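Structure record follows, encoded as structure tokens.
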Amino acid sequence: MADDLSAVARFLYEAGTLKHTRRTGWWMAGVNDPESIAEHSWRTSIIASVIAKLEGADPARAAFLAVWHDTQETRTGDVNHLGKKYATSADPEAVTADQTAGMPELLAATIQDLVAEYEAKDSPEAVCARDADKLECMLQGIEYKAQGYQAAQRWIDNSRARLTTETGRRLADELLGQGPLDWLRAAIGEKG
């Protein structure tokens, strides 16, 4: 391979910062140690693959879009909903272009196209990935509420209201009807 991979190596270190960057909106709900952007993106990718499969879209593509959906936050941080009211929102496509500068063209173009597709919502997979983003936020809110953070209800309600796919809405209803440990009770055979 003749391409210089130094820009790719730098980006891999940069992407690792998402493991330590917290999702700031949860602080408004009183959560002391909220999930990281990387944790959010991982479960969003799982959810995107599930929604896409059930919606008849490509689950691998939806998960791929979801993996990359917040990578720009290495440079912008996680600007919560209120912060976006005051701060000029950085264009995810422009940030991605900067992040991929110097990478082999095939790789840079692939990443830039993924982010553009996600932002434009112009494919069934992008719609599924965006619903997964909202559903993951709702699910995290349910978990935080179960830990005693009652203010998380606002995130639960707002996320549920923004879902667009039939599968996303149905999954939301199922999640709202269960508790965070119901999976464990079922796995060990406890009767409800």
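The model shown is predicted, which means the values in this text are computed figures rather than measured ones. Index from 1, following the sequence. FYI, side chains are in, hydrogens and waters are out, and symmetry mates aren't considered; it's all heavy atoms of this structure.
- Without hydrogens or angle criteria, D131 side chain to L163 main chain gives no donor-acceptor distance under 3.5 Å.
- Shortest non-hydrogen contact noted between A52 and A62 is CB-CB, 3.5 Å.
- In this structure, the ring of F11 has its center less than 6.0 angstrom from the ring center of W68.
- Remark: E143 engages R43 in a salt bridge, criterion side-chain N to carboxylate O under 4.0 Å.
- The same ILVMFWY cluster, assembled from side-chain heavy atoms under 4.5 Å apart, contains both I188 and W183.
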Query raised in the report: Do R23 and C137 pass the side chain to side chain contact (heavy atoms under 4.5 Å, CB included) test, and can you show the C-alpha distance, the side-chain angles, and the key distance before you say yes or no?
Result: CA-CA 10 Å; R23 295 199 8 111; C137 185; 4.0 Å; yes

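- Between K53 and D58 there is no salt bridge, since no side-chain nitrogen of the basic residue lies less than 4.0 Å from a carboxylate oxygen of the acidic one.
- Distance check, rounded to the nearest 0.5 Å: CG of D70 to CD1 of I37 gives 6.0 Å.
- Partner of Q99 under the side chain to side chain contact (heavy atoms under 4.5 Å, CB included) criterion, out of T74, I111, V115: T74 alone.
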Requested in this report: For side chain to side chain contact (heavy atoms under 4.5 Å, CB included), just list the numbers for R61 and E117, CA-CA rounded to whole Å, side-chain angles, deciding distance to a tenth of an Å, and then say yes or no.
Outcome: CA-CA 11 Å; R61 180 78 180 173; E117 180 181 342; 2.3 Å; yes

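- Atom CD in Q147 sits 12.5 Å away from atom CD1 in I142 (nearest 0.5 Å).
- No side-chain donor from either of T21 and E73 sits under 3.5 Å from a side-chain acceptor of the other.
- I46 and V67 are not part of a single hydrophobic cluster, where members link through side-chain heavy atoms under 4.5 Å apart.
- The hydrophobic cluster containing Y149 also contains W155, counting ILVMFWY residues as joined when their side-chain heavy atoms lie under 4.5 angstrom apart, directly or transitively.
- When all heavy atoms are compared, the tightest approach of R169 to T164 is NH1-O, 2.7 Å.
- When all heavy atoms of I51 and L171 are compared, the closest pair comes out as CG1-CD1, 4.0 Å.
- Rounded to the nearest 0.5 Å, atoms CG (L65) and CG (D113) are 10.5 Å apart.
- Summarising the geometry, atom SG belonging to C128 is positioned 13.0 Å from atom CG belonging to D133; distances are rounded to the nearest 0.5 Å.
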Query raised in the report: What's the verdict on side chain to side chain contact (heavy atoms under 4.5 Å, CB included) for R185 and Q178, showing C-alpha distance, side-chain angles and the deciding distance?
Result: CA-CA 11 Å; R185 289 182 190 95; Q178 295 184 23; over 6 Å; no

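- S159 contributes no side-chain N or O that, together with a main-chain N or O of L135, makes up a donor-acceptor pair within less than 3.5 Å.
- Looking at heavy atoms from C-beta onward, L5 lies in side-chain contact with P104 at the 4.5 angstrom threshold.
- Within a 6.0 Å radius of CZ in R75, more than 12 heavy atoms belonging to other residues, nucleotides or ligands are found.
- What you find for P59 and A57 is that their closest heavy atoms are CD-O, 3.1 Å.
- Side-chain contact check for T96 and Q72: at least one donor-acceptor pair (N or O, by modelled atom type) lies under 3.5 Å.
- Counting heavy atoms of neighbouring residues, nucleotides and ligands inside a 6.0 Å radius, atom CG of L106 does not exceed 12 of them.
- Taking each heavy atom of A152 and A29 in turn, the nearest pair found is N-CB, 4.1 Å.
- For D182 (side chain) and G179 (main-chain N/O), a donor-acceptor pair under 3.5 Å exists by modelled atom type.
- For the pair R22 and W27, the minimum side-chain heavy-atom distance is below 4.5 Å.
- Within the model, atoms CD of E136 and OG of S41 stand 8.5 Å from one another, a figure rounded to the nearest 0.5 Å.
- We find the CD-CD distance between E93 and Q112 to be 9.0 Å, quoted to the nearest 0.5 Å.
- Linking Ile, Leu, Val, Met, Phe, Trp and Tyr whenever their side-chain heavy atoms come within less than 4.5 Å puts M28 and Y144 in one cluster.
- There is no side-chain donor-acceptor pair under 3.5 Å between Q140 and H40.
- Linking Ile, Leu, Val, Met, Phe, Trp and Tyr residues whenever their side-chain heavy atoms come within less than 4.5 Å places L114 and M103 in a single cluster.
- In plain terms, the two heavy atoms of M138 and I156 that are nearest each other are CG-O, 3.6 Å.
- Between the side chain of R130 and the backbone N or O of Y118, at least one donor-acceptor pair lies under 3.5 Å.
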Report task. Please test K19 against E39 for salt bridge (charged side-chain N to carboxylate O under 4.0 Å, His left out), starting from the C-alpha separation and ending with a verdict. Result -> CA-CA 7 Å; K19 296 191 305 182; E39 290 166 322; over 6 Å; no

